[in-house]
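Only one structure is covered here, and it is reproduced in the block below.
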Amino acid sequence: MLRLIATTLCLRCHHVQAFPANLRPCVTLATVENPQTVEALYSLSVDIQKVRKLKGWVLHQSPSYTKEVADLLKNMGASGPTVAHILGVHPEAVLCSPEQMQAQKELWMSVCPNQKELVGIIEKFPASFFTSSCSHDNQQKNISYFQSLNLNKRIITKLMASAPQSFSRPMEQNELMIRTLQQAYKELGGEEVNMKVWLQKLLSQNPFVFLKSPEVLKQNLLFLRDRGFSTAELLHLLSNLRGFVTELNPGSMCHTLTFSQETIGCTEAELRNIILKCPALLYYPESTLAERFQGLLSAGVSMSQIIKTPTVLELTIQIVKYRIQRLKAHGYDIRTGSLEVLNGTKKDFEINFGKLQLRRARPLFNPVAPLKTEN
């Protein structure tokens, strides 16, 4: 008897530790799987084995609302395979009550243009839609606040999908960050007429900005100002450097700038120009930069070339070597040519590579050369 009790307690403790923070308190745990949940998921063609492996605790919960979730999604236009995919990657959805799901649907439809787009968002970000009912009031207040700023609905939707934690927070905390961003924009010389567009772009690129304290933004700006960046240059960095608030801090930037300056052997003014050309340089730790500098130099690239095109440091060594080999196979010597051809995404590189091939294949036209004619 004691052994049976101990086993039951161990099973119970094991599953309790796996509970997510937003699980509703009315859900109860059983030591065996809920047969209704399993059968309903099977009927929807959900990969049960995958659910058991990754989130098996969901199958032990009661009550569950598998059929109700599927009906809600199908009524919004979701296909059978789409429903199966959503429940396969986020089976916790079956623990949301019909009332909770309906409230979420109404909330999201206040910013989504149509149900089809909402289904697409749920497919990509199911955890953002199937959230705890206790955050519903905060979500509603945050949506109202962002709408009061006249932000584009698509921006608000993207924020809700990418960073749902921001909408679970009290609205006043997000309002404080918005005011801090607006104040920084004005103090750095930004024009009032362009503020809305600037703010929308920044929030679109940095959806997690609200998860950081406004003090982080202030500290980063002060640090870079002390390093000699002008107000216009700071506005450029704040506007174009994704993650300026969320991923940077004075300590990491200090190490990066010091290492970069010592490696390149440049003045502080030259280093600032390099940073303005390649703001992402501020992100990388010394180990990453050391590897990329060494990889480029060993491939025959000179330091002067790197200084001229520092954005090449955004590429991994594997990508750089692959692109250099392709260019070399077609007669392009990276040691004497421009590094611009290496830059960009895979698509950008293929376009540049195609242009190089076209230029080399096209014969030069000499207007004074005699035309070849048949006798």
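Just the heavy atoms: all of them, side chains too, but no hydrogens, waters or symmetry mates, feed the values below. For reference, positions follow the sequence shown, starting with 1.
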Checklist entry - Are the charged groups of D137 and K141 less than 4.0 angstrom apart, N to O? => result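 Salt bridge: no.
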Checklist entry - Hey, is K153 close enough to E117 for a salt bridge, meaning N to O under 4.0 Å? => result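 No, no charged N to carboxylate O under 4.0 Å.
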[X]: what forms a side chain to side chain contact (heavy atoms under 4.5 Å, CB included) with it, not counting sequence neighbours?
X: P164; value: S128
X: R292; value: Y284, T288, L313, T316, I317
X: T345; value: K347, D348

Item to check | Non-neighbouring partners of Y185 that pass ring-ring contact (aromatic ring centres under 6.0 Å, His included), sequence neighbours left out | outcome: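 Listed in chain order: W198.
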Checklist entry - Restricting to pairs with a member in residues 38-52, which pass side chain to side chain donor-acceptor pair (under 3.5 Å), not counting sequence neighbours? => result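 Matches after skipping sequence neighbours: E33-R52.
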Item to check | Pairs touching residues 199-212 that satisfy side chain to side chain donor-acceptor pair (under 3.5 Å), sequence neighbours left out | outcome: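 As it turns out, the side chain to side chain donor-acceptor pair (under 3.5 Å) pairs with a partner in residues 199-212, which skip direct neighbours, are K158-S204.
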For the [atom1] atom of [X] and the [atom2] atom of [Y], what is their distance to the nearest 0.5 Å?
X: K328; Y: D333; atom1: NZ; atom2: CG; answer: 8.0 Å
X: T131; Y: Q104; atom1: OG1; atom2: CD; answer: 4.0 Å
X: L217; Y: L238; atom1: CG; atom2: CG; answer: 6.0 Å
X: C96; Y: Q102; atom1: SG; atom2: CD; answer: 13.0 Å

Next on the checklist: Quiz question: by atom type and distance under 3.5 Å, do the side chains of S79 and T82 form a donor-acceptor pair?
Outcome noted: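 Yes, a side-chain donor-acceptor pair sits under 3.5 Å.
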Next on the checklist: Tell me the closest heavy-atom pair linking V51 and L87, and the distance in Å.
Outcome noted: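 Heavy atoms only, the tightest pair is CG2-O, 4.3 Å.
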Item to check | Heavy-atom check, side chain of S166 versus side chain of N142, under 4.5 Å | outcome: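 SC-SC contact between S166 and N142 ruled out.
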Checklist entry - Are any non-hydrogen side-chain atoms of R272 and F229 less than 4.5 angstrom apart? => result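 Touching, per the 4.5 Å side-chain cut-off.
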Item to check | Ring center gap for F130 and F125 short of 6.0 angstrom | outcome: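 Centroid distance F130-F125: not below 6.0 Å, so no.
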